[in-house]
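Heads up: the structure comes next, in structure tokens.
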Amino acid sequence: MPELPEVEVICRGLRPELCGRRLARVALGDKPLRQSSSPRELAQWLPGRKLERLCRRGKYLVFRFEGHVTLVIHLGMTGRLWLDHQLAPLPHVHAVFTWEGGLIMAFQDVRRFGSILIFPPKAPVQPLKALGREPFSRKTTPEWLQAQARGRSRPIKNLLLDGRFLAGLGNIYACEALWAAGIHPATPAGQLTLKEWQKLLREIRRLLRRAICRGGTTINDYLNSKGETGLFQLELAVYGREGDPCRRCGESIARQVQAGRSSFFCPRCQPRHPTE
DNA sequence: CACCCCACCTGCGTGC
DNA sequence: TGCACGCAGGTGGGGT
């Protein structure tokens with residue numbers, strides 16, 4: 001669910017409330033998350049520390065505390081982070097962070113695919129080390145992307161979903177970006193021309209910026225840190241629109257499964273074997 | 001190494 | 001109404 005824009009919106013909502021504030025305590029629920037530090041580790045490193053910086057990396061939220069302690073939270077498919085001054089009796093709350101002044105951050109996650117990980121000073125922040133480049137980084141250029149894809153036979157859609165290559169894109173925005181760039185999702189990544197990479201990177205950035213402005217995409221579960229939905233679902237061109245008319249040419253949107261995930265595309269606007 | 005599949009979970013919509 | 005099935009925004013371990 002939460003891809004780069006949704007995580008960015010949550011990050012921007014949390015930052016002004018939490019930066020400079022001290023964390024009082026953390027409580028974990030009984031049911032395990034897919035990946036989580038133990039209650040003991042969290043209790044050892046977090047209580048009493050002031051949050052110095054909060055940022056997003058890919059789909060991860062990175063909380064930097066004083067003393068070089070790092071808390072990493074991933075929301076998986078259905079994770080949410082709420083801020084409130086009291087703990088509402090919500091189902092599926094698996095962690096509660098209480099900050100000084102009584103501010104409460106609840107981690108709610110129906111499917112429990114999320115993760116909460118603590119990294120002591122000097123410990124390598126494992127999940128971030130494996131991440132690829134940020135779409136908005138100046139180091140991410142069409143030339144770099146093409147060089148990374150050189151010789152690769154895997155479909156461009158699958159490569160876009162690979163966080164070790166480009167961080168933050170998920171199924172929705174990968175489909176939308178390929179539609180915007182007019183590239184068939186099954187095109188072997190190594191076959192994209194430099195022109196196509198230029199177009200694709202431009203569209204990825206435009207799409208992500210716009211989605212962030214709209215507060216993200218809410219299909220079923222996504223809510224920001226205040227409990228509000230996003231609006232970008234109203235502007236989706238292909239995702240979830242199988243059989244509906246293409247917003248550009250009217251052709252019926254197609255769906256095809258790639259690497260176990262649905263790809264939505266317009267067969268006319270995104271022809272096979274683009275140029276080449 | 002490159003790539004794919006599947007498990008990890010719960011809930012919801014659809015069709016019988 | 002009830003049930004069985006397919007599907008869902010992510011990740012990473014293991015197999016080919």
Side-chain angles (χ1 to χ4, degrees), chain A residues 1-11 29-36 56-61 72-81 90-95 107-117 125-132 147-178 185-191 204 207-208 211-212 214-224 229-243 255-264:
Chain A
M1 138 178 316
E3 304 181 29
L4 185 153
E6 291 75 33
V7 179
E8 180 64 29
V9 169
I10 289 174
C11 187
D30 302 330
K31 294 190 173 179
L33 300 177
R34 191 161 176 278
Q35 243 190 327
S36 172
R56 177 197 58 74
R57 178 79 171 88
K59 298 167 194 161
Y60 291 88
L61 285 164
V72 171
I73 296 185
H74 193 288
L75 300 173
M77 296 271 262
T78 53
R80 295 171 177 168
L81 280 176
L90 302 164
H92 307 297
V93 170
H94 301 111
F107 177 85
Q108 185 184 32
D109 186 358
V110 171
R111 292 173 73 180
R112 287 189 279 123
F113 286 176
S115 53
I116 297 177
L117 297 167
V125 184
Q126 223 71 49
L128 305 187
K129 283 181 39 178
L131 276 187
Q148 295 303 301
R150 188 160 298 142
R152 307 263 204 137
S153 61
R154 69 193 298 200
I156 179 60
K157 160 79 180 333
N158 300 9
L159 188 64
L160 291 181
L161 286 182
D162 188 341
R164 295 167 305 181
F165 165 67
L166 203 55
L169 284 186
N171 207 25
I172 295 177
Y173 297 107
C175 291
E176 294 294 315
L178 289 169
T187 311
Q191 284 183 18
I204 286 171
L207 180 69
L208 295 177
I212 292 168
R214 298 290 181 275
T217 300
T218 299
I219 305 281
N220 290 313
D221 304 292
Y222 169 73
L223 298 175
N224 69 19
T229 70
L231 289 174
F232 195 71
Q233 64 278 12
L234 302 174
E235 298 182 30
L236 295 179
V238 287
Y239 186 85
R241 298 192 64 241
E242 181 181 14
R255 184 175 77 98
Q256 153 183 325
V257 175
Q258 293 178 264
R261 322 281 309 270
S262 286
S263 290
F264 298 90

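Per chain, numbering begins at 1; letters A, B, ... match sequence-line order. All values below were derived from every heavy atom in this structure, side-chain atoms included, with hydrogens, water molecules and symmetry-related copies excluded.
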inquiry  = Starting the side chain at C-beta, find the nucleotide from dG9(C), dT10(B), dA8(C) nearest to Arg255(A).
reply    =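 Of the candidates, dA8(C) comes closest.
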In whole Å, I'd like the distance from the [atom1] atom of [X] to the [atom2] atom of [N].
X: Leu236(A); N: dG9(C); atom1: CG; atom2: P; value: 12 Å
X: Asp109(A); N: dT11(C); atom1: CG; atom2: P; value: 13 Å
X: Ile156(A); N: dC3(B); atom1: CD1; atom2: C1'; value: 15 Å
X: Glu6(A); N: dG10(C); atom1: CD; atom2: P; value: 9 Å
X: Arg112(A); N: dC9(B); atom1: CZ; atom2: C1'; value: 6 Å
X: Phe165(A); N: dC1(B); atom1: CZ; atom2: P; value: 18 Å
X: Gln258(A); N: dC3(B); atom1: CD; atom2: P; value: 13 Å
X: Glu176(A); N: dG9(C); atom1: CD; atom2: P; value: 12 Å

Taking any strand in view, what nucleotide pairs with [N] in a Watson-Crick or G-U wobble way, both distances under 3.5 Å?
N: dC1(B); result: none
N: dG9(C); result: none
N: dC9(B); result: none

task = Fit a plane to each ring of Tyr239(A) and Phe264(A), take the angle between them on a 0 to 90° scale, and name the class: parallel (under 30°), tilted (30 to 60°) or perpendicular (over 60°).
result = perpendicular
Checking all strands, does [X] fall into the base, sugar-phosphate, or nothing category for heavy-atom contacts under 4.0 angstrom?
X: Tyr60(A); answer: sugar-phosphate
X: Arg154(A); answer: sugar-phosphate
X: Ser262(A); answer: sugar-phosphate
X: Pro91(A); answer: nothing

Nearest-Å distance once atom P is located in both dC5(C) and dA7(B) =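 The same atom, P, in both gives a distance of 16 Å.
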key: Pairwise P distance for dT11(C) and dG11(B), with rounding to whole Å   = 22 Å
When you measure only distances, ignoring hydrogens and angles, does the side chain of [X] come within 3.5 Å of the base of [N] through a donor and an acceptor?
X: Arg111(A); N: dC9(B); result: yes
X: Arg152(A); N: dA2(B); result: no
X: Arg34(A); N: dT11(C); result: yes

message = Judged by each residue's nearest nucleotide on DNA chain C, which is more toward the 5′ side, Gln35(A) or Asn171(A)?
response = Asn171(A)
Return yes if some donor-acceptor pair links the side-chain N/O of [X] with the main-chain N/O of [Y] below 3.5 Å, else return no.
X: Asp109(A); Y: Gly114(A); value: yes
X: Asp221(A); Y: Gly79(A); value: no
X: Ser263(A); Y: Gln258(A); value: no
X: Thr217(A); Y: Phe232(A); value: no

Under 4.0 Å between a side-chain N or O of [X] and OP1 or OP2 of [N]?
X: Arg261(A); N: dG9(C); answer: yes
X: Tyr173(A); N: dG9(C); answer: no
X: Lys31(A); N: dC9(B); answer: no
X: Ser153(A); N: dC3(B); answer: yes
X: Thr78(A); N: dG11(B); answer: no
X: Asn158(A); N: dC3(B); answer: no
X: His92(A); N: dT10(B); answer: no

key: Heavy-atom closest pair, residues Leu208(A) and Pro5(A)   =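 Shortest heavy-atom separation between Leu208(A) and Pro5(A) comes out as CD2-CG, 3.7 Å.
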key: dC9(B) base stacked by Phe113(A) (centroids within less than 5.5 Å, tilt under 30°)   =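 Whether judged by distance or by angle, Phe113(A) falls short somewhere, so it does not stack on the base of dC9(B).
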ask   = For Tyr222(A) and dG9(C), are the ring centres under 5.5 Å apart with planes inclined under 30°?
value =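 Answer is no, no stack.
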query = Using 4.0 Å as the upper bound for N to carboxylate O, is an ion pair formed by Glu3(A) and Lys59(A)?
reply =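 No salt bridge links Lys59(A) with Glu3(A).
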